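Sequence positions, counted from 1, serve as the residue numbers for this chain. On a predicted model such as this, the values are computed, not experimentally measured, just so you know.
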Amino acid sequence: MFVQRVLRISVLAVFLGACLSSAMGQELIAPVRAKLVIPDKKLLPGVPFAFWVELENASDGTISIGLRPHLLVQRGALDTFEVSSHEFPTLVGRESYLTLAPHEQRTLSLSITEAARYKDFYGDPRLSPPGHYRISLRLDGAFDDFIGPPPKPLTVAGIVLTDVFEVERVEPSGSDAAVWQRLQESHNQRWKLSDWWSGSNVIDEILISHPDSNYVPYAVLAGAGRPAYRRRVLETIDRFPSTPVIEELHVIASQLLAASADDLDRYAKELASVRESKRPTTKKFASGPE
């Protein structure tokens with residue numbers, strides 16, 4: 001009886017494995033080690049986040065991978081969903097594929113201000129609420145471009161799956177709770193990360209009604225392209241030095257000061273902050289006159 005039971009279990013395992021392989025479409029997993037990094041593990045609800053992916057070709061051959069990103073998300077114990085980008089690739093400019101030499105390492109990054117251009121990627125309201133999130137990233141080559149699919153390299157080795165990164169969206173309190181409630185009310189309880197760049201008047205309300213809220217740096221970052229907000233960037237850096245978006249604000253400040261040449265000392269300070277950063281999402285902007 002024991003042997004028969006073991007055989008039945010073995011047959012069932014083979015059957016389920018075959019079904020799973022069929023459901024996945026026989027997709028190949030590329031021999032690439034991939035680590036997802038979200039630099040801040042504790043975030044307010046409804047705020048955008050930057051991330052990067054550390055890649056290593058673990059094989060002895062040259063391989064290529066697709067760069068269309070999909071966030072695979074588990075919120076809490078049961079809620080799982082996927083957020084994909086249907087626009088141009090977001091991790092390496094407008095390139096659709098990345099080729100890696102044997103054992104080559106590369107880091108691909110997406111800053112908050114870059115992600116703001118791809119509203120479908122941060123356009124899912126399920127990424128916003130308080131809670132515990134387990135996030136991984138899948139990279140593939142399934143792009144539908146308006147001029148047709150990009151050429152596929154002969155060395156494409158399959159999809160890439162990162163490890164899982166855990167993030168906590170904290171339950172806000174005080175003025176932060178008031179702001180989160182107002183954000184939700186302004187979008188019928190479906191506030192999306194991309195809504196910061198939608199031109200909503202609620203961004204102005206945050207600065208006027210809740211100037212001490214930890215949401216203020218996000219409002220300033222989102223409005224930094226508007227003349228009325230530019231003077232607030234340096235003020236926000238000084239008032240909120242520990243905000244998760246401090247490095248993004250340093251980048252904006254260095255760009256604004258380079259264009260105006262009003263305060264060369266402060267410009268040098270802001271540019272130095274960008275150049276000394278350890279984050280790939282910041283280092284890519286470390287340019288300026290020597």
When rounded to the nearest 0.5 angstrom, what distance separates [atom1] in [X] from [atom2] in [Y]?
X: L127; Y: S194; atom1: CG; atom2: OG; result: 10.0 Å
X: D163; Y: S136; atom1: CG; atom2: OG; result: 8.5 Å
X: D212; Y: F240; atom1: CG; atom2: CZ; result: 6.5 Å
X: I29; Y: L161; atom1: CD1; atom2: CG; result: 4.5 Å
X: L36; Y: E166; atom1: CG; atom2: CD; result: 11.5 Å
X: R134; Y: R75; atom1: CZ; atom2: CZ; result: 15.0 Å

Please check if any side-chain donor atom of [X] sits under 3.5 Å from a side-chain acceptor atom of [Y], or the reverse.
X: E247; Y: T282; result: yes
X: T281; Y: S109; result: no
X: S84; Y: E82; result: yes

Subject >> side-chain contact (heavy atoms from CB on, under 4.5 Å) assessment of I65 paired with V32 >> reply: CA-CA 9 Å; I65 59 174; V32 173; 4.1 Å; yes

Please report the shortest heavy-atom distance between [X] and [Y], naming the atom on each side.
X: S213; Y: S175; answer: CA-OG, 3.6 Å
X: A30; Y: G158; answer: CB-O, 3.7 Å
X: A50; Y: E248; answer: CB-OE2, 4.1 Å
X: Y267; Y: S254; answer: CE1-O, 3.3 Å
X: A34; Y: L55; answer: CB-CD2, 3.7 Å
X: P125; Y: P129; answer: O-CD, 3.4 Å

Are side-chain heavy atoms of [X] and [Y] found at a separation under 4.5 Å?
X: L257; Y: L234; answer: yes
X: F51; Y: L137; answer: yes
X: T62; Y: P102; answer: yes
X: T113; Y: L221; answer: yes
X: L207; Y: R232; answer: yes
X: I112; Y: V245; answer: yes
X: L183; Y: I206; answer: yes
X: K284; Y: E114; answer: yes

Donor-acceptor pair, distance only, cut-off 3.5 Å: does the side chain of [X] make one with the backbone of [Y]?
X: Q74; Y: G76; answer: yes
X: Y97; Y: G141; answer: yes
X: R239; Y: P211; answer: yes
X: R169; Y: L43; answer: no
X: N57; Y: A101; answer: yes

Subject >> Pair V73-Y133, side-chain contact (heavy atoms from CB on, under 4.5 Å): steps then yes or no >> reply: CA-CA 7 Å; V73 184; Y133 291 74; 3.7 Å; yes

Original post:
Considering residues at least two apart in sequence or located in another chain, which fulfil the salt bridge (Lys or Arg N to Asp or Glu O under 4.0 Å) criterion with R33?
Top reply: E56

**OP:** Taking the six-membered ring for Trp and the single ring otherwise, decide whether the centroids of Y122 and F49 are under 6.0 Å apart.
**Re:** yes

Can you list every pair that meets salt bridge (Lys or Arg N to Asp or Glu O under 4.0 Å) and has a residue in [range], with sequence neighbours left out?
range: residues 35-52; value: D40-R279
range: residues 186-197; value: K192-D195
range: residues 175-185; value: R182-E205

Subject >> Residues that T80 engages under side chain to side chain donor-acceptor pair (under 3.5 Å), provided they are two or more places apart >> reply: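 Applying side chain to side chain donor-acceptor pair (under 3.5 Å) to T80 gives none.
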
Original post:
In chain order, what residues pass the side chain to side chain donor-acceptor pair (under 3.5 Å) check against H103, with sequence neighbours excluded?
Top reply: D60

**OP:** Applying side-chain contact (heavy atoms from CB on, under 4.5 Å), run through V53 and V37 and close with a yes or a no.
**Re:** CA-CA 6 Å; V53 184; V37 180; over 6 Å; no

Original post:
Do V47 and V170 belong to the same hydrophobic cluster, where Ile, Leu, Val, Met, Phe, Trp and Tyr are linked whenever their side-chain heavy atoms lie under 4.5 Å apart, directly or via other members?
Top reply: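 Both belong to a single hydrophobic cluster.
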
Original post:
When clusters are formed by joining ILVMFWY residues with side-chain heavy atoms under 4.5 Å apart, either directly or through shared neighbours, do F81 and L139 land in the same one?
Top reply: yes

**OP:** Please report the C-alpha distance between L108 and W52 in whole Å, then the side-chain angles of each, then the deciding distance to 0.1 Å, and finally whether the side-chain contact (heavy atoms from CB on, under 4.5 Å) criterion is met.
**Re:** CA-CA 6 Å; L108 311 180; W52 62 84; over 6 Å; no

Original post:
According to the interplanar angle, ranging from 0 to 90°, do the rings of W191 and W196 count as parallel (below 30°), tilted (30 to 60°) or perpendicular (above 60°)?
Top reply: perpendicular

